[in-house]
Structures are given as structure tokens and as C-alpha cells.
There are 2 protein chains.
Amino acid sequence: MRKHNGKRPTIADVAQRAGVSKTVVSHALNGKRPVSEETRRRIFQAIEELGYQPNPLAQRLAGGRTGIIGFAFPLVTPGIANLEMKIIASAANVFNQENYDFLLLTHAAPGHENLRRVVQSGLVDGVILLQVRMVDPRIEILREANLPFVLFGRCADNAGLVYVDMDVEHAMHECVAHLAELGHRHIIYFHQDDRGFGLVERALKSFAEACASYQISGQTLPCGVSPEAGAEAIGQLVDHYPQATAVIFWTDIAAWGAINAAKARGIRIPEDLSLICFDRSTVAALGTFHPTAVDIRADESAALAAQMLVALLKNEPLSETQVLVRPYFVAGESTGRCPNLEM
Amino acid sequence: MRKHNGKRPTIADVAQRAGVSKTVVSHALNGKRPVSEETRRRIFQAIEELGYQPNPLAQRLAGGRTGIIGFAFPLVTPGIANLEMKIIASAANVFNQENYDFLLLTHAAPGHENLRRVVQSGLVDGVILLQVRMVDPRIEILREANLPFVLFGRCADNAGLVYVDMDVEHAMHECVAHLAELGHRHIIYFHQDDRGFGLVERALKSFAEACASYQISGQTLPCGVSPEAGAEAIGQLVDHYPQATAVIFWTDIAAWGAINAAKARGIRIPEDLSLICFDRSTVAALGTFHPTAVDIRADESAALAAQMLVALLKNEPLSETQVLVRPYFVAGESTGRCPNLEM
DNA sequence: CTGTTAGCGCTTTCAA
DNA sequence: TTGAAAGCGCTAACAG
């Protein structure tokens, strides 16, 4: 039903056709002022006939909203693409249902110029921050711009922040407890190498704490996100930490490499070595590899973060502003009793 | 160096501080008119001092550009997330370098309302279309809006369109030729189940043609994108097509499931059954699985599509408007001579 | 080389 | 319940 005279209809066209002023049309549309039933009907008919769609740019420029949400997503770790994709898809789903568009901000720049520009221009109504660091400069940018935002992660100081994050402390504790129960006394945690990220730091800290509380000797070593890195980790284990009988990997990708490397070296899992991995979204999802793992429920968390942001934008009260999602511990085939246990 | 008086500086502030008119500032910025060296210097100094950033919304509303590119990406096939993520990352990279922002349009709606709204609002300067169908209604939307766009894929009728697509005809021919050379006479192609997509239809057509030209009996069966679907395919093969000695899978994910299922049934690969897969971005990337495969070079293609769109936006002439990227055929460990070959 | 003046399409006082 | 008019921040004729 669009007029095909070359230009798309504006609010003025609608107003004219309905025989009212632009003001009334505007208010009929966003309900900020009562409009008589009759007028309202005529307006919506005109909108229908003309195929009118408000222009979000103009809306925003005039002080309204754009209906666009930004997703601040540094493209740093290509290895966990699958996980991030899930997060994006899950959040996108929620936003789509709420009629928001989705601006993916892949700001690699150190100064976050990309983010700053978008935020300051008022292009987005709200932002979700991924890859949150313990001290994250992006927060300052968003606060200055006075823009609602939700963290997918946590900082060191979270006062006044709204976030959804994994309860990594609990998960890590569970892992160590599981291994301790099986009799393991020497564990290595092959952690992500990107220091400064909240998740990484917290995981390290809770690993140390959990080991202490079970009087276990816990070693931490950095490890990349690739099968090769996992294989290398096994090399390190054999060469330098023969006393270790259990390992924890951050991703199933590295764990996969580790398991294959172990097999190649004649190390049986779980008879000789127990293994746990966080995140089973990639290899473990393929169905032939069933490690004892922590399901971090990233997609659920992402959806929740999205819902929280939507609530913020609607000025709805949030029942909780800081949510920790507790991962599922999934017992698999890669953990067993400590081999050299004196009975 | 920003003024912290609450509001961010506008072009008027810059103009005032530099002692010139807004017009000159505008032109100093986008170079559409010569500005004297001295004035120019003062303007940029003022910009620096104020920390001025132009507002893309206002720019666009006034007839300029937004610096935002839309990525029309229907979230339909969750199974090949890894591939799509690569495509996104690769394109995002190019756009970032060219100082464009990146609007991910996950329009699931049948009427493409999401896309239509964004496009008509003038929010984006250009669009890249993913998941192109043989007859794709989105093209009409973009043409009406007179917006530059590049297809990542092809339609049935491509007159006047700019696209980057895989040369699936060539790749499929190569696969069949490879199998024919090894003596196989009965091949099954387990194809993607989403009919209507250009890639799917073309792959089917070229499979049939290639089989004909090698006088091979070629069967096609639909197959999902999951290890389970791959396993099921092997079941079908055993139950209904025992004469087949070679199979082609669309994704390495399904191929992975097939290989494991085959192993479980005592079918040796490649001794008893040869297997080829298109796309080795997920399982094959893990390093322990080396099937004979077709590397579709999706990331390269995505980068190319992005570059082409950028060129269109800059009004630079395109050396080629319709590019077919020829996949790499990678001989692996999953293909061998036909077992029941009469010598 | 520079400035003046209209808008782009919308929201929002303020007044009726 | 409605309208008129003033902007939001920028670009682009048109006129010096």
C-alpha cells in the first residue's frame, strides 16, 4: 500500500492524510499523551495506507529512541568462536522479539573509539558489554554518555553495575571437590592466557582457594584455545609435573587436543589422568567426546542479560541487578580415581 | 581534552571556537570543498580541544552517510555457526579498518520487516546479504531503497547484481572427478535440506551434471547439519544403498558423525567407503580429522564481499561485480580406490 | 575561499 | 484533546 512517488512517507504525510497535526501522530504512535479514539483510528488508517515507518534516526535526533542495541564485542579470541556465536544468537533472539535491532560493535581499537563514537552519537539505546575486564574503560564511556548497559561478566568493583556472569567460583570449587573426592592431590589448571579479564582472574583465584581448602597441591599454567595448545599442555605435564594426576582445562577445544595427545603418549584417561573442562560448547557438542565438564550455560546467560537490558530500557524494575548463573557440573568419562592412591 | 559541561560538543561549538561558520567546519571535515590552510588548522585545533565527534545520525539525516553497514543475516541454521562466525568476523574486520560500524540484522521474520525498517530509515549506507535464496525478496527491498548492496551468494537471475559466491559447480565437479578417478560408480550426495538457497540448488544441479558426465550413478539425499544426521545417513546407506561406495557430505559436522557411525558398524574408511565433505571449518579445524574435503574459503569470500561493498560506497569502480571464489580441493585420508573394482 | 539559510524527520515545550 | 513552533546536529544549495 505504499505510495510510489519516489520518497517514503514522513510523519507529515500521515498527519496531512489523517487531517491532524504531526504532534498528534507522534503521540498516537508512542502513547505519551492521550489521543481520542476517533483521531487515533484515522491516524492508524493513514499509516496503514501510506505504509509509514518512523525514521529511527530522526526519532533519536529529536530526543527519542532508536530501537537499536549495541553489542560491544571485541573480536579477540578467535578460538572460542562457537561460544560467542551462541551468545550473540541468543541475545539477538531476545532483542528481535522485543523489536530491537542489533548493532555489533567489534571494537578492536585500544581506545575503544568505535564504541565511543556510537555511544556518544546516541545511535544505540543501550549496550551489552562482552569480554569484561576487571578494570574496564568502556564502563566510563557508557556512564558518561548516561546510557543503560548490562555487563556480560563482572569487574573488580561492581558497585552500581548491572551484570550477568558465570558463578565461576562455585563451578571451580565443584571441579576441585570432585577431583579431591576421587583422591587426587596434585592438579594442574591450564587457564586462559588473557589476563585482566574478570572471568580469567576469578577462575584462577577460586582454583587456588579451592585447592587450599582441600589441601591439594594446585598448579596453574597458561594454555591457548586450540587442540595444539592442549597437546602442548600434556607435554608440559609429562616433562615437568609427573606427580599431577588431574588437569582442568578452560575450553573443550584445548581439552580435546590434550586427550588426543595423551592417547598418543599412552596415557589413559581417566585411568592414568583425570580431566575436566569448562565450556563444552564446541567439541563436546559433537557427541563423540564426553568429558567431565562444566556447562557454563552461556546462551541462557546471554538471553538473561538481554532481557535485563530490555527491562532497563523500559524502565521496568529489575528484580536482581547482579546475577550469577551457576554452571552445571556434568560428570563424564574423563575423570576417575587417582591412580597412585595408597589404599 | 573534552569539555565536561555535560553535553558533548557540536559542530556549532567547533565553528564558534575556530571563529568560522558551521559550513566551513563541515567541509574541512569531509573535504567536499577547499578550505584555506590557516582556517583548516584552527578548525582542527578546536576539534581537538573540544574532543568533537560528528554525530552520524545528524549527518545522515541531513543527507550524508552514517558509516554503518548492515549485515542481513537470517539466523536459521544453528549448526554451521562456526562458519557464519568466521564470515562475520572476516567482514567485520574489513569494515572496521575502513571505519564502518556493523549492524547485524538477524531478521527472522518472514516479511523481512526488520530489514525493511532499517533500510528505509537510511540507517545504513550499504548492506551485505547472507543466505541468499534463488529468488530473494530482500533484493527488491534494497533496490527500492536505492541502497548499495553485495550478495554473499547468488540468485537465479543475477542481472545487475553484485555478488561474491562460491564456485560450487567447479568444486562439485572436482569431487565427482576425484571419486570417478578412484573407480567409484555409485555415489550418494547428502545435501543440505534447506531448499531454495542458491548454494543448495546449485550444488544439487552440478552434482547431477558431474555424475552424468562421468557416467556415474549419483543419488541425492537430504541430511541435517549434525553428527546425528551424519550417523543416520550411514544407516540409510547401509539399509537402502549398499551398492554405493562413496559419499559426499555438505558439512564436516555431518561427515564427522558419519565417520564415527561407519566405524561403529565396521565400515572402514576409505577402504570400504570413500567420503568427501564440503566445508571443513568446524571438526576438520580441530586437527584430528583429515577428510578429503573442499575448503570453501568463506572468510576470504566474506572479506572480498566487504571490500566490494566499501568500493561501491566510495563510488570506486569495481573491477569485477560478480565474483566466483573457487574452493580448494584438499585430498585427505577419507577417500581411496573403489573396493569392488573388477581388475 | 567563506557565510547564510533552509531543511532532513522527528519530539517536545508551550499555548489553546 | 489538539496545534504551532522551536529545535536535535548536520549538510547543501545559493550567494557572496
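Proteins get letters first, then strands, A, B, ... in listed order; numbering begins at 1 in each.
- Going from atom NZ of A/K22 over to atom C1' of C/dC8 covers 11 Å, rounded to whole Å.
- By the side chain to side chain contact (heavy atoms under 4.5 Å, CB included) test, A/L61 is found to be paired with B/N55, B/A58, B/L61, residues two or more places apart in sequence or in another chain being considered.
- Taken from CG in A/L115 to CZ in A/R138, the straight-line distance is 7.0 Å, to the nearest 0.5 Å.
- The side chain to side chain contact (heavy atoms under 4.5 Å, CB included) check on A/Q16 picks up nothing, with sequence neighbours excluded.
- For B/I11, whose side chain is taken as the heavy atoms from C-beta onward, the closest listed nucleotide among D/dC10, C/dT12, D/dC8 is D/dC10.
- Taking atom CD1 on B/I47 and atom P on D/dC10, their separation rounds to 10 Å, with Å as the unit.
- Residues B/F149 and B/I139 meet the side-chain proximity criterion, which asks for heavy atoms closer than 4.5 Å.
- When all heavy atoms of B/L161 and B/Q322 are compared, the closest pair comes out as O-NE2, 2.9 Å.
- Rounded to whole Å, atom P of C/dG9 lies 18 Å from atom CG of A/N30.
- Not counting sequence neighbours, the partners of B/D299 by the side chain to side chain contact (heavy atoms under 4.5 Å, CB included) test are B/K86, B/S90.
- Using a 4.0 Å cut-off, no side-chain N or O of A/N55 falls inside it from OP1 or OP2 of C/dC8.
- Put simply, the side chain of A/D125 never gets that close to the backbone of A/I69: no donor and acceptor are under 3.5 Å apart.
- Each end of the helix from C/dC1-D/dG16 to C/dA16-D/dT1 yields a helix axis from five base pairs, and these two axes differ in direction by 30° (to the nearest 10 degrees).
- As rounded to whole Å, 15 Å separates atom P of C/dG9 from atom CG of B/L123.
- Note: CG (A/L29) to P (C/dC10) measures 9 Å, nearest angstrom.
- Among the nucleotides D/dC8, D/dC10, D/dA12, the one closest to the side chain of A/A62 is D/dC8.
- When every heavy atom of B/Y100 is checked against every heavy atom of B/I68, the shortest pair comes out as CD2-N, 4.0 Å.
- Rounded to whole Å, atom C1' of C/dG7 lies 16 Å from atom CD of B/Q59.
- For B/S21, counting side-chain heavy atoms from C-beta on, the closest listed nucleotide (D/dA4, D/dG7, C/dG3) is C/dG3.
- Note: CG (B/L61) to C1' (D/dA12) measures 13 Å, nearest angstrom.
- For A/V24, counting side-chain heavy atoms from C-beta on, the closest listed nucleotide (C/dT12, D/dT2, D/dA12) is D/dT2.
- In this structure, the NE2 atom of B/H27 is 7 Å from the C1' atom of D/dT11, given to the nearest Å.
- Residues from residues 31-43 of chain A with heavy atoms under 4.0 angstrom of DNA chain C, sorted by number: A/K32, A/R33.
- Not counting sequence neighbours, the partners of A/R41 by the salt bridge (charged side-chain N to carboxylate O under 4.0 Å, His left out) test are A/E38.
- For D/dT2, the OP1/OP2 oxygens have no side-chain nitrogen or oxygen of A/T23 closer than 4.0 Å.
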